[in-house]
Number of protein chains: 2
Amino acid sequence: MNTDKLSDRQRKILQFIGEFTDANGYPPTVRDIGHDVGISSTSVVSYNLKKLVKEGFLEREDKVSRGLRLSDEYREFQVRFSPPEGLRFVPMLGRITAGELLEVPAGDITLADEDDIIEVPEDMIGGMTDDVFALRVDGTSMVDAMVNDGDVVVLRRQQTARNGEMVAVLLKDRGETTLKYFYREGKQVRLQPANPFMDPIYVDADNVEIQGRVLAVLRTLL
Amino acid sequence: MNTDKLSDRQRKILQFIGEFTDANGYPPTVRDIGHDVGISSTSVVSYNLKKLVKEGFLEREDKVSRGLRLSDEYREFQVRFSPPEGLRFVPMLGRITAGELLEVPAGDITLADEDDIIEVPEDMIGGMTDDVFALRVDGTSMVDAMVNDGDVVVLRRQQTARNGEMVAVLLKDRGETTLKYFYREGKQVRLQPANPFMDPIYVDADNVEIQGRVLAVLRTLL
DNA sequence: CCAATCTCCGCACAGGTGTTCGATAGAATT
DNA sequence: AATTCTATCGAACACCTGTGCGGAGATTGG
């Protein structure tokens, strides 16, 4: 399913039908559609609706007023980009290994079709909405962060952090990334492991580069 | 909200509107309703619809064909405890501390109104539906299970486990509960810490009592 | 370059659809 | 017993609504 074969008008029609139905609880009439999309003739709307039915985006009951609904396929196609209430879709953008450079994505972080997507309850990431992505942890090198092989780390891309937040930091001199609690202490930075039995490390502030803030760690034992 | 004040006919109308809309994607006409409920005159249907609007069960757009929908209150009254698609509500039943006995709830595990409830994506708990509950981890005594203070452990109550599953086990002689990977080895049981740098412990099979299986560990850094 | 197809328009029409009205009969009220 | 209220019916009406038709401009393919 993909909307490439459709004209702009047809895409607009589909969207309008969805919004109208959600807003009112019943679908629009041919004339409602025409008015919204900017079509003066009802026959033209009819014409485009037939197309949409033919392409499988729409289902329609002949001669029944408001007798149309978005097809299940199209609904599903839509849903990918608009999760249900309380859920948020987070793109899974790759893997991390401590001891190697973290691949922090550069451009816009969006849900593309090809992405792996994980579902995260909204309140688990504190309502964060932009620049949120997930990485799967590769290997056991992050045990001191209490993060295990296979865990999923949900991050928000940001360059600064407040004391006490857990961040992904790059240690420039070692060319190495770790997950630690961040504390600024004068010219130094204290990086505190999550594991309370392990000792912090102190590094020069110039030597650390914050890659992102850790919002959550998810471990699924299947 | 309750349907006591309604006549049988009106209840039937409400139900029909819901079913029709679900089935077709658009609401029925006045005549559709009349036909289903057994009313010959459209005016009588109109009459009863007005009543339903007045009582708050229905919302209606005047003079608009099929311009009706069940009110939010009535819909809620219908669905009450069902979480949104893809989410599952899991009751948070207490706290665990390694080194102490795990409070495994005894009776039915249901969503009571007073419970703390956390939201978990369905596929994160592998579609498990019964006997699932959550506990908050108290203290740092479970570091060897890679579980930190404040983490949330999602469990399914069960008495048996397959090899390789992570379980909450009671060590009877010590009167102590831990989270470990479970491996049956003859008359012994090998309990393997999640932390790959820690050694397993071997105990007599009679000495372990499985309390539940760990489905997921959730850590939120707020 | 011409024919075929696509996309659009306005208009007219038939049937769908909500509303209104007058009437009836039983129940509740006075 | 008279009156009012409730619930129903059938019929008529006006407007809503989807469809069909003839035509026009744009685009495409040979």
Side-chain angles (χ1 to χ4, degrees), chain A residues 2-71, chain B residues 2-71:
Chain A
N2 121 22
T3 57
D4 290 353
K5 293 181 66 174
L6 271 45
S7 69
D8 285 353
R9 228 175 206 185
Q10 285 157 9
R11 267 189 289 273
K12 217 167 159 188
I13 289 177
L14 276 184
Q15 191 187 336
F16 175 68
I17 292 174
E19 288 171 1
F20 187 101
T21 308
D22 284 347
N24 298 294
Y26 48 86
T29 65
V30 170
R31 284 171 180 82
D32 289 335
I33 298 171
H35 188 266
D36 179 89
V37 187
I39 299 179
S40 63
S41 176
T42 58
S43 63
V44 175
V45 177
S46 231
Y47 171 78
N48 282 292
L49 290 180
K50 274 202 186 79
K51 283 288 182 62
L52 288 168
V53 171
K54 199 173 176 184
E55 297 293 335
F57 295 93
L58 209 56
E59 287 170 38
R60 212 164 171 225
E61 201 70 35
D62 263 20
K63 309 202 182 188
V64 167
S65 76
R66 303 170 194 274
L68 40 82
R69 67 161 168 279
L70 303 176
S71 72
Chain B
N2 95 45
T3 57
D4 291 353
K5 292 180 67 175
L6 272 44
S7 70
D8 284 353
R9 227 173 207 188
Q10 285 157 8
R11 265 189 291 274
K12 218 167 158 188
I13 289 177
L14 276 184
Q15 191 186 336
F16 175 69
I17 293 174
E19 289 171 1
F20 187 101
T21 309
D22 284 346
N24 298 293
Y26 48 85
T29 65
V30 170
R31 285 172 180 80
D32 288 335
I33 298 172
H35 188 267
D36 179 88
V37 188
I39 298 177
S40 64
S41 175
T42 58
S43 62
V44 176
V45 177
S46 232
Y47 170 81
N48 282 292
L49 290 180
K50 276 202 183 78
K51 283 287 182 62
L52 289 169
V53 171
K54 200 173 178 185
E55 298 293 336
F57 294 93
L58 209 57
E59 287 169 38
R60 212 164 172 225
E61 202 69 34
D62 262 20
K63 309 202 181 188
V64 168
S65 77
R66 303 171 192 274
L68 40 82
R69 66 161 168 279
L70 302 177
S71 72

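Labels below follow one simple rule: chain letters A, B, ... track the order of the sequence lines, proteins then strands, and each chain is numbered from 1.
- Take B/Gln10 and apply the side chain to side chain contact (heavy atoms under 4.5 Å, CB included) test, not counting sequence neighbours, and it matches B/Leu6, B/Ser7, B/Asn48, B/Lys51, B/Leu52.
- Looking at every heavy atom in both residues, A/Tyr26 comes nearest to B/Val64 through CE1-CG1, 3.9 Å.
- Evaluation of the side chain to side chain donor-acceptor pair (under 3.5 Å) rule for B/Asp62 yields no partner, not counting sequence neighbours.
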Would you mind writing out the side-chain donor-acceptor pairs for residues 15-24 of chain A within the sub-3.5 Å range, not counting sequence neighbours?
residue : atom : partner : partner atom : Å
A/Gln15 : NE2  : A/Glu19 : OE2          : 2.8
A/Thr21 : OG1  : A/Ile17 : O            : 2.6
A/Asn24 : ND2  : A/Phe20 : O            : 3.0

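- For the helix from C/dC1-D/dG30 to C/dT30-D/dA1, the terminal axes (five pairs an end, C1' atoms, rotation from four pairs onto the next four) enclose an angle of 30°, given to 10 degrees.
- A/Pro27 and B/Pro27 get closest at one heavy-atom pair: CD-CD, 3.9 Å.
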Pairs of donor and acceptor atoms involving the side chains of residues 28-38 of chain A, under 3.5 Å and at least two apart or interchain, shall be tabulated with distances.
residue : atom : partner : partner atom : Å
A/Thr29 : OG1  : A/Arg31 : N            : 3.3
A/Thr29 : OG1  : A/Asp32 : N            : 2.9
A/Thr29 : OG1  : A/Asp32 : OD2          : 3.2
A/Asp32 : OD2  : A/Thr29 : N            : 3.0

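- Remark: B/Thr42 pairs with no residue by the side chain to side chain donor-acceptor pair (under 3.5 Å) rule, at least two apart or across chains.
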Below 3.5 Å between N/O atoms, which protein atoms pair up with nucleotides 4-7 of chain D? Just atom names and distances, please.
residue : atom : partner : partner atom : Å
D/dA7   : OP2  : B/Tyr47 : OH           : 2.7
D/dA7   : OP2  : B/Lys51 : NZ           : 2.5

Per-nt protein contacts along nucleotides 15-28 of chain D (heavy atom under 4.0 Å; B base, S backbone sugar-phosphate only, - none) come out as --BBBBB-------
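- In this structure, the side chain to side chain contact (heavy atoms under 4.5 Å, CB included) partners of B/Ser65, at least two apart in sequence or on a different chain, are A/Ser65, A/Arg66.
- Taking the 5' to 3' direction, DNA chain C first and last meets chain A under 4.0 angstrom from a heavy atom at C/dC6 to C/dT17.
- The side chain to side chain donor-acceptor pair (under 3.5 Å) check on B/Ser46 picks up nothing, with sequence neighbours excluded.
- For the side chain to side chain donor-acceptor pair (under 3.5 Å) test, no residue two or more places apart in sequence or in another chain qualifies with A/Ser40.
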